[in-house]
Each structure stands twice: as C-alpha cells, then as structure tokens.
> 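Please see the structure below; I have some questions.
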Protein chains: 2
Amino acid sequence: MPFDKNRCPNDSHGIESQKILKNANLKMTKKRVLIIDCFKHSNVPLTADDVFNILRENTNINLSTIYRALSALTDSEILTKQTLSDGTYVFQLNGDVHRHILTCKECGKIDYIEFCPIEKTIDDITSKTGFEITGHSLEFTGICPDCKKKLK
Amino acid sequence: MPFDKNRCPNDSHGIESQKILKNANLKMTKKRVLIIDCFKHSNVPLTADDVFNILRENTNINLSTIYRALSALTDSEILTKQTLSDGTYVFQLNGDVHRHILTCKECGKIDYIEFCPIEKTIDDITSKTGFEITGHSLEFTGICPDCKKKLK
DNA sequence: CTAGGTGCAAACGATTTGCAATAAC
DNA sequence: GTTATTGCAAATCGTTTGCACCTAG
C-alpha cells in the first residue's frame, strides 16, 4: 500500500478525529486518533495490516489494538468494512465517497472505483425480498490494463 | 444448509457430471462426480463445508479433497467462487442463473437473489478503467424480514 | 476511582500443503 | 506404468480472545 502517494497535503486532522470519537461515545485515545488519521490521509481503503505498517514506523502499536479499534469504529459506523475476494477485510471512512473494488486475476493488484451502479436498485431489492438493505459490497474481478499488455 | 429442502426430484445427474469433467480435461473420479452432483442438487450456493456435510452421510470423503476439487473446478470455470462478508467462500455452478447474496446483520442468515443489477454497467466500467471485467461479486447486508418483526 | 483501552501471547478456524498410498488413463 | 487424485496430519495466516496492566473521563 503506497502510503506516501496518498498523503493528504494539508493537515490538522487530529482535532477532527477527536470530535469523531466523542460523537460516537468512544474514549479518545492517542492510538485511535492515529488510526483515524491514517484513513483521513489515505484515499484508498486500508486493511488492518496496512494501518499497522503505516503506524509502526513512528509509534509502538500492537496489531490487536488496531483490530479492536477498527471493529469499534465500524460498529459506530465511523468506518465501513468490506471483504475482499481473498477473504481479508478493508476499511474506509464512512460517508466518504464509497469505493468499489477491482481485483486483477493475473497480478492480484487492487484498484478502486468511485462509482456505484447499485444505489438505484436497492429499493427494487427491498420490494422483491422484504430485506431492509443497509449496506452492500461489490467487487469486480478481471484483468488490469498492465496485465492485458503483458498477455499479448 | 437445508439440503433435503433443495433436492432435485428427478435424477441421473451423475452421467452429466462425467461429461463436464471430460470437457475440462479433468480426471473423472467418483468423488468429483459426487461433488458436482451436490451442486446440481442444490439451488443455493454451497461452501466446502456444506458439501462435506452433505457427502459424509453416505461417503468417506476428506475435507481437503473437497477443497482441492472445488479449486480445480473453479479453475476450469465449472464452478464460480464468491467470498461472503465473513471471509468464507461459496461456490455455485457456472452458467447457472447467477445469484447474489443477502446477509442479515441481526441473525447472520444468508439469502440469495437471482437478480443482477450489475451486468448492464460492466461495459461502462471497462471504458472508465481499462480493466477487462470477467466476474463480479455482490453482497448486500441488511435486516431480514424475520428480524425486522422481532425488532419491532 | 472505574470502565474501557492496550500489549502480549496464545487460540481460532477456514483454507492450504507435504507426503505416502491409491486410482484413473 | 505414469500421472493425477486422495487421505491424513500438520502448517498457514488473518483475525480474535484472555488476562494483566494502563489510561481517559
């Protein structure tokens, strides 16, 4: 996960992150603020391990702390959680433009699209099934442009 | 997985399953035929464990045999593989009406819909991203009708 | 002070793998 | 006969959990 490529140039996200935690009635701790900041600095979804690798450079933090924080933040709907086709999870800030996943069958590289073909059809599904739809996860698999070149 | 509820009344699927294997240049073994038959008998996607529980009643079969067979069958595009939101995999016959997943947040129950809001938009995504889309996985989360009643 | 957060090490569970025995072609 | 498949047991790996310690409110 190329973190530096996705840095947010301006900063003072920390203060905002504290508000987010307060609003959710979660204790405001240094570690949680740092974790939320990771997502503010990133323009792609992150795994627990991504967050760990970003933070360990400057902080002592334990992977399980990250898992627990991500779980609490997802419960409070501050983050959303999506399952990738390999069974691992990625998280992103909720309310962000939501992104869907493009996985390359050849190289495994993951790309994201900010485009959702689903939203229009949710009412349709509710009326067909009686399910109240509160979220959705969509992943495409295919062959990325780079691999297409190589295969030729 | 309520297998008996989903049984196909008529039968002689075995012979057809052998053809499928032959066409894919896979060795035709008893176990593989049995595994394919499971899918022919089921009208819902199955996990490796579902298949195991169905077959163990009448057969000696090992879970890893099932995993390896499912993997070979998926590679040969006889089955498709989808990842559920809990990170586990479900398989279904390829070319079947394809089904998308509805998971209830409350009770975890999984339901399937034979309705795909995606197909129309695939060309759109290809032109936007350069990805050649070969598959997709879509899962909805929400609250099932039963749980909605209970919550009231 | 006290509920909740953290670190560490150990547990978990679905899936994968190495290897020797076996079956398909 | 040769190669792929199977069974079994052990390994893998992302994620979760128990427990003692620590920190925010």
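In what follows, chains are A, B, ... by sequence order, proteins preceding strands, each numbered from 1.
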> Can you measure A:Leu55 atom CG to C:dG7 atom C1' for me and round it to whole angstrom units?
15 Å

> Can you measure A:Leu73 atom CG to C:dG5 atom P for me and round it to whole angstrom units?
10 Å

> Any luck finding a side-chain donor-acceptor pair between B:Asp50 and B:Thr47 under 3.5 Å?
yes

> In whole Å, I'd like the distance from the CG atom of B:Leu84 to the P atom of C:dG13.
18 Å

> Rounded to whole Å, how long is the line connecting atom CZ of A:Phe91 with atom P of D:dG14?
14 Å

> Whether the B:Glu139 and B:Thr103 side chains hold a donor-acceptor pair (N or O, under 3.5 Å, no angle test) is what I'd like checked.
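Present: a donor and an acceptor within the cut-off.
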
> Below 4.0 angstrom from OP1 or OP2 of D:dT6, is there any side-chain N or O of B:Asn62?
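It does not, given that no N or O in the side chain of B:Asn62 lies less than 4.0 Å from OP1 or OP2 of D:dT6.
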
> Can you confirm if the aromatic rings of B:His136 and A:His100 lie within a centre distance of less than 6.0 Å?
no

> In whole Å, I'd like the distance from the NZ atom of B:Lys31 to the C1' atom of D:dA4.
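About 15 Å, once rounded to whole Å.
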
> Rounded at 0.5 Å granularity, tell me how far CZ in A:Phe91 sits from CZ in A:Phe39.
7.0 Å

> B:Asn53 CG to C:dA14 C1': how many Å, rounded?
14 Å

> Taking atom CD of A:Gln92 and atom CG of A:Asn43, what is their separation to the nearest 0.5 Å?
11.0 Å

> Could you state the atom-to-atom distance from CZ of B:Phe52 to C1' of D:dC8 in whole Å?
12 Å

> Each nucleotide in nucleotides 15-25 of chain C should get exactly one letter: B, S or -. Can you fill that in based on protein heavy atoms under 4.0 Å?
BBBB-----BS

> For B:Thr65, enumerate each residue passing the side chain to side chain donor-acceptor pair (under 3.5 Å) test, keeping only those at least two apart in sequence or located in another chain.
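Checked B:Thr65 against side chain to side chain donor-acceptor pair (under 3.5 Å); zero matches.
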
> Rounded to whole Å, please give me the gap between CG in B:Asp75 and C1' in D:dT5.
15 Å

